[in-house]
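One structure is given here, and the rest of the page talks about it.
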There are 2 protein chains.
Amino acid sequence: MSNSRNFEEKLRSAGLRPTRQRLEICEVLFDRKETFHFTIDGLQKILKNKLNTKISIATVYNTINSFKNKGYIKEISLNSEKTYFDTNVTNHHHFYDETTSELIDFHDSDVEHLQLRKNLPGKKIKSIEVLVKVANK
Amino acid sequence: MSNSRNFEEKLRSAGLRPTRQRLEICEVLFDRKETFHFTIDGLQKILKNKLNTKISIATVYNTINSFKNKGYIKEISLNSEKTYFDTNVTNHHHFYDETTSELIDFHDSDVEHLQLRKNLPGKKIKSIEVLVKVANK
DNA sequence: CAATATATTAGAACAATTCTAAAGTGCTTT
DNA sequence: AAAGCACTTTAGAATTGTTCTAATATATTG
């Protein structure tokens with residue numbers, strides 16, 4: 001399949017060997033049109049259903065951490081029991097639905113010229129993230 | 001002292017008995033001019049130094065959670081190992097210094113017209129938080 | 001196909017947080 | 001001020017998310 005070929009290249013370009021487990025994880029994460037938000041244990045459940053056998057939790061963590069370090073996914077700044085990740089690494093922001101615990105993207109351009117009047121001498125800005133918490137009316 | 005009287009009232013108004021432990025915690029949290037950012041174990045260390053005896057970690061957690069539920073402090077949306085709290089419950093935002101792990105407040109008015117073009121039908125906005133991550137240049 | 005470098009795994013370890021149930025304290029009624 | 005009840009504190013156990021360990025397995029290179 002051209003996809004597994006792509007994922008192989010993707011992994012190699014990041015200095016990671018294309019193992020069976022990593023390729024499966026790539027399929028779940030990147031073989032989709034839409035942005036994908038997940039937690040480690042959510043991802044592990046998906047993998048388990050997909051494969052009828054489980055990838056060890058340590059491997060899932062290791063792989064996700066490698067991807068994060070390589071910039072293939074990013075961690076979302078959201079204070080919740082579990083850590084959320086996002087396959088969308090472009091600049092964007094989130095709604096967090098407190099009723100359903102779901103995350104919904106919104107684009108930079110949905111925030112009118114977000115611009116800071118304040119800055120910190122000697123520091124450089126790494127990211128600006130807006131989190132909008134919502135709940136059922 | 002007028003402060004401990006105030007804290008007594010504050011606790012009572014929230015349906016909490018003014019115990020020795022809670023009053024000590026109030027002093028650390030609220031007896032200051034500036035906003036105070038803290039983690040549970042940071043707070044516990046401060047209390048230990050102040051008192052030369054320790055308040056059990058369960059009590060610190062319980063009290064902080066009560067205060068949070070009463071709206072006397074708020075949790076900051078920041079994905080880090082430890083949970084950060086803030087005694088400033090007004091609308092404002094944070095710089096998170098990745099080099100020093102410090103939080104610095106900035107005011108709503110330091111963000112030029114932060115306004116969302118997007119909204120979610122059936123949902124109401126609970127909060128809008130901007131997190132600016134910085135690091136040493 | 002052998003050698004070696006890297007990955008995977010189960011389970012142990014760890015850290016933050018919550019729970020439990022026993023002992024202590026604050027508050028109300030007398 | 002003593003008694004009784006409800007609420008609080010406590011130490012330690014339990015739970016949960018995450019990382020570590022070291023033995024086994026797999027991928028890559030020669």
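Chain naming here is simple, since letters A, B, ... match the order of the sequence lines and numbering starts at 1 in each. Both backbone and side-chain heavy atoms feed into the values below; hydrogens, waters and symmetry mates do not.
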Report task. Using the side chain to side chain contact (heavy atoms under 4.5 Å, CB included) rule, take A:N136 and B:K124 through it: C-alpha gap first, then chi angles, then the decisive distance, then the call. Result -> CA-CA 6 Å; A:N136 282 348; B:K124 64 166 167 299; 6.0 Å; no
Report task. For side chain to side chain contact (heavy atoms under 4.5 Å, CB included), just list the numbers for B:T83 and B:I40, CA-CA rounded to whole Å, side-chain angles, deciding distance to a tenth of an Å, and then say yes or no. Result -> CA-CA 7 Å; B:T83 301; B:I40 296 291; 6.0 Å; no
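Proximity of A:Q21 to the phosphate of C:dT9: a side-chain N or O atom is located under 4.0 Å from OP1 or OP2. A close approach under 4.0 Å does occur between a side-chain nitrogen or oxygen of B:T19 and OP1 or OP2 of D:dT9. The side chain of A:R20 places no N or O atom within less than 4.0 Å of a non-bridging phosphate oxygen (OP1 or OP2) of C:dT8. Here A:T83 reaches the OP1 or OP2 of D:dT18: one of its side-chain N or O atoms lies under 4.0 Å away. Between D:dT9 and B:R17, no contact under 4.0 Å exists linking OP1 or OP2 to a side-chain N or O.
With rounding to whole Å, A:L23 atom CG is found 13 Å from C:dA7 atom P. Residue A:E24 contributes atom CD, which lies 11 Å from atom P of C:dT9 at whole-angstrom precision. Going from atom CG of B:L51 over to atom P of D:dT9 covers 13 Å, rounded to whole Å. The distance from atom CZ of A:R22 to atom C1' of C:dT9 is 14 Å, rounded to the nearest whole Å. Separating the NZ atom of A:K82 from the P atom of D:dT15 is a distance of 16 Å, rounded to the nearest angstrom. With rounding to whole Å, A:L47 atom CG is found 12 Å from C:dT8 atom P. Put simply, CD on A:E81 is 8 Å from P on D:dG17, counting in whole angstrom units. In this structure, the CG atom of A:N69 is 11 Å from the P atom of D:dT19, given to the nearest Å.
Within the cation-pi definition used here (under 6.0 Å to the ring centroid, within 45° of the axis), B:K10 qualifies as a partner of B:Y72.
Judged by distance alone, the side chain of B:D97 and the main-chain N or O of B:A135 form no donor-acceptor pair under 3.5 Å.
Looking at A:I64 and A:F85, their side chains come closer than 4.5 Å, going by heavy atoms from C-beta outward.
Contacts of residues 52-67 of chain B with DNA chain C (heavy atom under 4.0 Å): B:A58, B:Y61, B:N65.
In this structure, B:H92 and B:H94 have perpendicular ring planes: the angle between them is above 60°, well past the 30° mark.
No salt bridge links B:E24 with B:R20; every basic N to acidic carboxylate O contact stays at or beyond 4.0 Å.
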